Enquirer: 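Sharing a structure here in structure tokens format.
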Protein chains: 4
Amino acid sequence: MTTPITPKHYSAETAAAIAGSDDALTGLPAYLGIRTVEVGPARMVAELDVRPELLNPFGSAHGGVVASLVDHVLGSVLYPVIERGQWAATTEFKLNLVTAVRSGVLRAEAIIVAMSRRTAVVHVEVTNDGKLACIAQGTVLIPELRA
Amino acid sequence: MTTPITPKHYSAETAAAIAGSDDALTGLPAYLGIRTVEVGPARMVAELDVRPELLNPFGSAHGGVVASLVDHVLGSVLYPVIERGQWAATTEFKLNLVTAVRSGVLRAEAIIVAMSRRTAVVHVEVTNDGKLACIAQGTVLIPELRA
Amino acid sequence: MTTPITPKHYSAETAAAIAGSDDALTGLPAYLGIRTVEVGPARMVAELDVRPELLNPFGSAHGGVVASLVDHVLGSVLYPVIERGQWAATTEFKLNLVTAVRSGVLRAEAIIVAMSRRTAVVHVEVTNDGKLACIAQGTVLIPELRA
Amino acid sequence: MTTPITPKHYSAETAAAIAGSDDALTGLPAYLGIRTVEVGPARMVAELDVRPELLNPFGSAHGGVVASLVDHVLGSVLYPVIERGQWAATTEFKLNLVTAVRSGVLRAEAIIVAMSRRTAVVHVEVTNDGKLACIAQGTVLIPELRA
């Protein structure tokens, strides 16, 4: 169940570039401290440490932190499998938060489960110490870059 | 990825009763012709034939048919793992329709991915001839039956 | 809050054609007995009677019936506002079922809340006797018909 | 369409306390710079400034920032309407990102559209300069605090 597609196109160079560019992360991903663990065909793993600054008032990882990690891998998993001149724009996602996470690492695994010329559907699971914390699915649009 | 929970409680009798009660289906499930294929701990498979009466104006299985099959397994998968005196009420779900299905069988597999005392999260995949047609996830509430 | 867009294109003829074609409904919409109540710019209302055949085993309207009505208006609301040569394909939706409905009429109102050249986002509310039964939102793709 | 419920219970003191406690925000809400604009019965408005640190690599507000703001109001809107001894736990939400936002203010308005003893459904719209940027809906569980 839930297996990644076999993509028509796959750039190992792009995958390696994503995996090696954590130091270049800016904005929210940099603040959250997202680390790329693995990038492959139609699959990507990233993680972050649950620091005090990422908690909600109840002492658990803020739902927005989990959602940000989901959003990050949802779009990034597309880059090695889209063509040059295309980009990936997350247009919607839905997540179920199933466990409060107080410490340790949040690890998100994204797989592309369906892909057409203009859209892809991505399934994401977030775990903490092997235990499911969040399950998500979303749609990514694949527009052409304007010249 | 996406493995079912190991339920604390499991009634093989309830599972067998569900699997053997297709003739007793009424309402929409009866009209759609839903057949139970398999019921196990935290897992259920059901299917239906794509008949002309279930199509949309474009000649594909109506999204509502797919959603009905999703809703059916989303709730039913809970019965063997809840306690006597409880019932299962689907409170929300989300689905991505990834392929138009014109004929053959729609097969839905539901697994419970998280469960607490009062709620469960269920992941569903619908396939047609082995090809993914729909991916869904939803929440089921587990209220106590009133005496 | 939640106001419909002002569409760039609107065909009152297409709207009238949809409103007047209930007798031509086939497949699932015909079985469910969907009636078009109103079609306007970026807005559509449809309803159905809650008959015994549409119930779940608990005596309430089956979630799949509600989802089918949602799916019906989610796509149909697009036709008066898309160009000739385009069609509307629901690609995903999410719904919250907030009240069990035992009898009477299910009335769904759909409004387009965002629209680009290739996609639209639609918000749907389903009521029963004025009381909210379901709230939903989804994405419709707007592909070109092949010649 | 989409009107807030009339809550059975409403504490104007709690509402005022939330509205006046922005300086006490910690963790992600503090980093994002969330400001409470208005808290009322079954309704809440909050906003944040789109700063460079909150952008994605394309120069738009990161989807995770929008999701975090959604998650913040989704839960917070509950506090004035729940009883003492209860808390609010967002269990799931879904959002559609409809416009890229490059600067200015993200303003989120949340309304409770349904509420039972143990759950609430909340609808959220995020705007930027009056233009819809995101529409979301989610479920909040209302557990009892343990003694």
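All values reported here derive from a predicted model rather than from experimental measurement. Naming: A, B, ... by sequence-line order, numbering from 1 per chain.
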Enquirer: Identify which of B/Leu97, B/Val70, B/Thr26 forms the greatest number of heavy-atom pairs closer than 4.5 Å to chain C.
Expert: B/Leu97
Enquirer: Go through the steps for C/Leu28 and B/Leu32 under the test side chain to side chain contact (heavy atoms under 4.5 Å, CB included), then give the verdict.
Expert: CA-CA 9 Å; C/Leu28 195 71; B/Leu32 297 177; 4.1 Å; yes
Enquirer: Quick one: which residues of residues 5-25 of chain C reach chain B at under 4.5 angstrom, heavy atoms only?
Expert: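 Answer by number: none.
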Enquirer: Among residues 44-56 of chain B, which residues come closer than 4.5 Å to chain C, judged by heavy atom distances?
Expert: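 Under the 4.5 Å heavy-atom cut-off, B/Pro52, B/Glu53, B/Leu54, B/Leu55 qualify.
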Enquirer: Evaluate the criterion side chain to side chain contact (heavy atoms under 4.5 Å, CB included) for residue pair B/His62 and C/Asp71; output intermediate values, then yes/no.
Expert: CA-CA 9 Å; B/His62 195 285; C/Asp71 186 55; 3.3 Å; yes
Enquirer: Could you tell me which residues in residues 129-144 of chain C have at least one non-hydrogen atom under 4.5 Å from a non-hydrogen atom of chain B, sorted by residue number?
Expert: none
Enquirer: Output a table of donor-acceptor pairs, distance under 3.5 Å, between side-chain atoms of residues 100-107 of chain C and any protein atom two or more places apart or on a different chain; print 'none' if there are none.
Expert:
residue: C/Arg102; atom: NH1; partner: C/Phe58; partner atom: O; Å: 3.4
residue: C/Arg102; atom: NH1; partner: C/Gly59; partner atom: O; Å: 3.4
residue: C/Arg102; atom: NH2; partner: C/Phe58; partner atom: O; Å: 3.2

Enquirer: B/Pro57, B/Ala67, B/Ser60, B/Gly63: which one forms the most heavy-atom pairs within less than 4.5 Å of chain C?
Expert: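 That would be B/Gly63.
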